[in-house]
Amino acid sequence: MGLAQTQQILAQLYTNSVLRSRFFANPQAVGEELGLNSDEAQQLAKLSAQQVNLFASSLKRKRLGEVRELLPLTYSVLGKGFAELFWRYAETYIPTGIKKHLEDAIAFSTFIEVTQRESINPPWVVDLLRYEKAWLQAAEPSSRLTVCWFRYAIDKLARTVQQDETPVVLMQPAIAIWFRLSPRSHLRHFVLKLYAMR
Amino acid sequence: MSHLPTLGIGLGFREPFRSDLFLHQQQVDFLEIVAEHYLDAPPQKQQELELLADHFPLIPHAINLSLGSAEGLDTDYLRKLATLIKQLNPPWWSEHICFTKAGGVDIGHLSPLPYTHEAVEVLCRNIEQVRRYVDVPLILENITYMVTLPGAEMTEAQFLTEVVERSDCGLLLDITNLHINAVNHNYDVGDFLSQLPLERIVQLHFVGGHWHNGVLIDSHSHSTPKEVWQLMDKVVAKVPVKGIVLERDENLPPFAELSAELEEARKIGKRYRRWD
């Protein structure tokens with residue numbers, strides 16, 4: 001078994017929990033399924049399930065830590081629920097590249113928006129999350145203009161959560177705009193509020 | 001490695017203590033920056049880098065070049081890294097002896113290599129390629145590992161030695177990683193050190209980790225334990241190290257605590273006349 005093949009299998013074992021469980025249930029058969037011959041599969045079967053599982057968990061915890069820092073407001077509101085959602089999401093996606101933590105946070109936000117929206121309580125958390133996600137996207141140097149609408153007075157909501165106060169949840173449609181004049185200029189941001197709803 | 005300049009006591013730069021750092025500039029001789037934070041960076045990160053470079057010598061520390069990848073290096077990433085290193089013009093830069101990517105999967109952490117001749121070959125080949133882009137000396141860091149890979153043809157210390165000698169690189173000895181591996185894999189630190197080419201050690205890293213489910217983790221999250229201080233003393237007594245860097249990432253304490261650790265490391269360097 002060459003190093004390239006070993007590394008490809010290890011990378012999958014470290015990051016894919018379904019494959020990992022299958023492999024440690026029957027390392028010989030799954031090894032052969034992954035393209036190893038019988039001797040090679042036998043060699044890889046010497047891996048410690050406990051060590052690999054521990055490493056895999058630490059990778060996910062590290063991802064959670066990074067994403068929590070990038071979505072601090074959503075985390076402060078959801079608390080433990082944030083981690084529970086993240087464990088579910090982390091099974092579905094592995095970020096890559098120089099900005100993988102940023103990509104991870106954006107993909108996690110999309111996961112919640114698309115698949116968990118109905119189960120998030122209180123519902124205004126989804127707006128808060130979309131606001132944080134938009135900030136992350138707008139902060140990219142390649143982004144010149146980002147526009148996003150919200151059902152709530154998002155600036156007040158975000159500010160009160162950030163200051164650890166009771167969240168001000170006011171049903172007031174708002175449009176948030178982020179822009180920069182050139183790739184090296186500072187990001188500007190403002191929120192336009194429409195009418196307040198009763 | 002003797003031609004490299006002595007930098008003294010450094011700190012791994014982290015954004016949350018930027019203000020404190022500038023208030024206590026005289027306590028830090030140089031900074032180590034995480035290279036990835038400044039690749040494709042937004043304008044404010046570029047400005048931050050320029051500000052840091054105006055006040056401190058900067059050593060770029062890369063974490064995702066994946067020098068041990070048998071499928072070769074990501075040249076797009078390498079080009080960006082080379083541009084950053086050229087911009088900073090440091091006396092040396094560092095990466096880890098590990099792989100972080102394979103088969104399109106970015107593992108997200110430093111993963112151990114099997115201690116085999118093939119892995120040594122791969123590392124040397126990749127380092128050769130890196131040198132075509134970067135002519136600043138490269139020093140290589142030992143990592144911690146939770147997973148013991150089957151099929152080893154040599155010990156970890158022999159593997160590190162083979163890699164740095166064959167590739168003609170310096171060694172960034174992370175003494176916390178060494179301590180953690182010795183605890184988790186039950187080996188003797190003294191024996192390990194006796195097998196290393198000590199003359200290749202350029203820089204040290206140190207910090208404290210924490211225990212999780214009976215395993216010591218290199219979380220960079222706690223103050224430096226006494227075993228690591230003792231190890232630092234032992235290494236600095238033998239080796240004319242050029243720099244020692246405190247690498248704290250998690251659970252950041254008040255800056256005074258970091259300063260106290262830097263001062264302790266400085267005293268050790270002074271004791272063996274590594275710097276004034």
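Just the heavy atoms: all of them, side chains too, but no hydrogens, waters or symmetry mates, feed the values below. Just so it is clear: chains get the letters A, B, ... in the order the sequence lines come, proteins before strands, and each one is counted from 1. As the structure is a computational prediction, the values presented were derived from the model and not from experiment.
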First locate atom OG of A:Ser48, then atom CG of B:Leu149, and finally report the distance between them rounded to the nearest 0.5 Å.
11.0 Å
Between B:Glu118 and A:Leu3 (side chain of the first, backbone of the second, donor and acceptor by atom type, cut-off under 3.5 Å), is there such a pair?
yes
Rounded to the nearest 0.5 Å, what separation is found between the NE2 atom of B:His185 and the CD atom of A:Gln51?
6.5 Å
Side chain / backbone / both / neither for B:Leu81 at chain A, heavy atoms under 4.5 Å
neither
Does any backbone or side-chain atom of B:Lys80 lie under 4.5 Å from a heavy atom of chain A? Answer side chain, backbone, both or neither.
side chain
Distance col, row B:Met146:CE vs A:Gln50:CD, nearest 0.5 angstrom, shows 11.5 Å
Looking at A:Leu59, A:Leu10, A:Asn16, A:Thr15, which has the largest count of heavy-atom pairs under 4.5 Å with chain B?
A:Leu59
Using non-hydrogen atoms only, which part of B:Gln46 is less than 4.5 Å away from chain A: side chain, backbone, both, or neither?
side chain
Which of residues 90-98 of chain A have a heavy atom under 4.5 Å from any heavy atom of chain B?
A:Ile94, A:Pro95, A:Thr96, A:Gly97, A:Ile98
Residues forming a salt bridge (Lys or Arg N to Asp or Glu O under 4.0 Å) with B:Asp174, sequence neighbours excluded
none
Looking only at B:Ala70, B:Gly108, B:Ser69, most heavy-atom pairs under 4.5 Å shared with chain A are made by B:Ala70
Under 4.5 Å from any heavy atom of chain A - which part of B:Gln47
side chain
B:Pro43 to A:Ser185 - nearest heavy-atom pair and separation:
CG-O, 4.2 Å
Per-residue contacts, residues 112-144 of chain A versus chain B, heavy atoms under 4.5 Å:
A:Ala139, A:Pro141
Should we say atom CG of B:Asp54 is surrounded by more than 12 heavy atoms from elsewhere, each under 6.0 Å from it?
yes
Interatomic distance, CG@B:Leu113 vs OG1@A:Thr6, rounded to 0.5 Å, equals 10.5 Å
Which pairs with one or both residues in residues 33-86 of chain A pass ring-ring contact (aromatic ring centres under 6.0 Å, His included), sequence neighbours excluded?
A:Tyr14-A:Phe55, A:Tyr75-A:Phe82, A:Phe82-A:Phe108, A:Phe86-A:Tyr89, A:Phe86-A:Phe108
Return yes when atom NZ of B:Lys86 has more than 12 non-hydrogen atoms of other residues, nucleotides or ligands closer than 6.0 Å, and no otherwise.
no
Max heavy-atom pairs within cutoff under 4.5 Å with chain B, candidates A:His101, A:Lys46, A:Lys99, goes to A:Lys99
Which atoms of B:Asp40 are under 4.5 Å from chain A, going by heavy atoms: the side chain, the backbone, both sets, or neither?
both
Between the main-chain N or O of B:Gly68 and the side-chain N or O of A:Gln7, is there a donor-acceptor pair closer than 3.5 Å?
yes
Under 4.5 Å from any heavy atom of chain B - which part of A:His186:
side chain
Would you mind checking which part of B:His37 comes under 4.5 Å of any heavy atom in chain A, side chain (CB onward), backbone (N, CA, C, O), both or neither?
neither
In this structure, are over 12 heavy atoms from other groups packed under 6.0 Å from B:Arg166 atom CZ?
yes
Are any side-chain N or O atoms of A:Lys100 and backbone N or O atoms of B:Asp106, one a donor and one an acceptor, separated by less than 3.5 Å?
no
Which one wins on heavy-atom pair count under 4.5 Å against chain A: B:Val105, B:Asp74, B:Thr100?
B:Val105
Would you say that more than 12 heavy atoms from the other residues, nucleotides or ligands in this model lie under 6.0 Å from the CG of B:Asp188, or not?
yes
When rounded to the nearest 0.5 angstrom, what distance separates CD1 in B:Ile107 from CD in A:Gln12?
10.5 Å
Minimum heavy-atom distance between B:His212 and A:Leu54, given as atom pair plus value:
CD2-CD1, 4.5 Å
So what's closer than 4.5 Å to chain A heavy atoms on B:Val122: side chain, backbone, both or neither?
side chain
